[in-house]
Amino acid sequence: MLDKIILAILVSSMAFFSVYITTPFLIKVLEKRNLTVKDYNRVGGAMVPRPGGPSILVGILASELTLYAFFSFSSVEILAIIITTSIAFVVGLIDDCKVLGGWFKPVALAISAIPIILLGAYNPHLSFPLFGFVRIPELYIALIIFMIPVTGNTINSIDVLNGVASRFMIITSFALTASLFIIHNYDIALASLPLGFVSLAFYKYHKFPSRIFPGDSGALTLGAMYGALAIVGHVEIIAAVALLPAVINSFLFLSSVKRIIEHRQIKSNPVTHTDDFKLMATTDKEAPITLVRLILAGGPMTEKQVGFVIFRLAIFSAVLAIVTAFMMGVKI
Amino acid sequence: MKEIQIFLFIFVMWILIIVGGGLLVSIVAPMTINGYGKLGSILDSGVKALIAMILVVVWIFTLSKIKNWIFHKQIKN
């Protein structure tokens, strides 16, 4: 047990400090190359470097490769996490550099799930709280291909305000780690630690006022790794519960626009500004319904206040996920 | 803002996930289709997959109705 505690400290430190140290350099490089985007929610519209995906990937690879190279446990699962996450990063980076159609990301992310299937890093059982599990060999492969695009795009869709995506990932991934410990899947719990610590280190630079945006490469990397962990750790349902606020955001968006489109293709913005630069829900009937728009329906709020509401929702879902993990051990 | 409504929506989603899982595990999974030879297992999986997909559609439909009910005022705004 002691060796695993030491290992946990080692990979967590590697994940955290890799991102903590490399991100300032990335910010400088992006600024030098003029790879910046306007922060429309900030007074004066400051230009913020993007994407932060490369430093996030460095943190994930440094820690996961250490686990893979020096420790023999769950090597197939860790390899599947590394490859899927890396492909998702490339997909995101392409999307950061080039404006592509709404279908590109889901299809490309579905391809990034294939290494999990080819390496056989899954167990075709779907476990439900209280009722046990179902064995679905053929359907489970479809579930894998479906899950990575869903988690990737869901995290990407919540990356709308300063610090929201990274803070959301901190809470969600630590809830997933806690759940993996509760169901005694210690190896994958160890492999999941870097996700939380990478998000924590990135949050230092992403929090309001952001010094860097994760971009599609950052958000998809985090989301795809989360999905891969859920599959190889056999905690699909728990992972879905922890992700519920982001799922609601995607659900509201899709049910209002009724098709898969890129955020940048939306003509009417769901959020507008007051004279004192607070965020305010638009009255435009054509604008999609999003989580932020719903939060703002009661009246204008500052960006920080909206972020704090999403933070409370994430905490609530994390608690439900941990309750679900405990319920996995109970059969009725 | 009635933040409580969003919390309620998350809670309802969670309950629906648990109930849906219960239906799958205790009713759909134990079902067996026999008497079709080699086609039996394919038919068995196909029917179960179809029921699962119908359940997902019902789940989304229910969620959409609950969403309209919970966020009625906000969506109208």
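Chain letters run A, B, ... following the sequence lines, proteins first and then strands; every chain starts at 1. Keep in mind the model is a prediction, meaning the values are calculated, not measured.
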Using a 3.5 Å cut-off and no angle test, enumerate the donor-acceptor pairs between side-chain atoms of residues 315-324 of chain A and protein atoms at least two apart in sequence or in another chain.
unit_1, atom_1, unit_2, atom_2, d
A:Ser317, OG, A:Leu313, O, 3.3
A:Thr324, OG1, A:Leu320, O, 2.6
A:Thr324, OG1, B:Trp14, NE1, 2.8

Inset, instruction - Name the region of A:Phe128, side chain, backbone, both or neither, that has any atom closer than 4.5 Å to a heavy atom of chain B. - result: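 For A:Phe128, the side chain is the part near chain B, not the backbone.
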Inset, instruction - Report the residues that fulfil ring pair (Phe, Tyr, Trp, His ring centres under 6.0 Å) with A:Phe251, sequence neighbours left out, ordered by chain and then residue number. - result: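 Once residues adjacent in sequence are excluded, A:Phe251 has no partner under the ring pair (Phe, Tyr, Trp, His ring centres under 6.0 Å) criterion.
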Legend entry - Residue list, ring pair (Phe, Tyr, Trp, His ring centres under 6.0 Å) with A:Phe308, at least two apart or on another chain: A:Phe311
Inset, instruction - Heavy-atom pairs under 4.5 Å with chain A are the metric here; pick the option from B:Ala29, B:Gly22, B:Gly20 that has the most. - result: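 Answer, by heavy-atom pair count under 4.5 Å with chain A: B:Gly22.
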Inset, instruction - Please assess B:Met13 against A:Val241 for the test side chain to side chain contact (heavy atoms under 4.5 Å, CB included), listing each intermediate value before the final yes or no. - result: CA-CA 8 Å; B:Met13 279 179 106; A:Val241 171; over 6 Å; no
Test item: [X] and [Y] side chains (from C-beta on) under 4.5 Å apart, heavy atoms:
{"X": "A:Leu294", "Y": "B:Gln5", "value": "no"}
{"X": "A:Val309", "Y": "B:Glu3", "value": "yes"}
{"X": "B:Val25", "Y": "A:Leu130", "value": "no"}

Interatomic distance, [X] atom [atom1] to [Y] atom [atom2] [nearest 0.5 angstrom]:
{"X": "B:Ile6", "Y": "A:Leu244", "atom1": "CD1", "atom2": "CG", "value": "13.0 Å"}
{"X": "A:Ile238", "Y": "B:Ile17", "atom1": "CD1", "atom2": "CD1", "value": "11.5 Å"}
{"X": "A:Leu291", "Y": "B:Phe9", "atom1": "CG", "atom2": "CZ", "value": "10.5 Å"}

Legend entry - Residue selection (most heavy-atom pairs with chain B, distance under 4.5 Å) from A:Val247, A:Val134, A:Ile237: A:Val134
Legend entry - Neighbour count >12 (heavy atoms, 6.0 Å) for atom CZ, A:Phe133: no
Inset, instruction - Could you list which of residues 273-280 of chain A have a heavy atom closer than 4.5 Å to any heavy atom of chain B, in residue-number order? - result: none
Inset, instruction - Check A:Pro129 against B:Ile18 and note the closest heavy-atom contact, atom names and distance. - result: CG-CG1, 3.8 Å
Legend entry - Worked check of side chain to side chain contact (heavy atoms under 4.5 Å, CB included) between A:Phe131 and B:Leu23: CA-CA 9 Å; A:Phe131 298 97; B:Leu23 281 173; over 6 Å; no
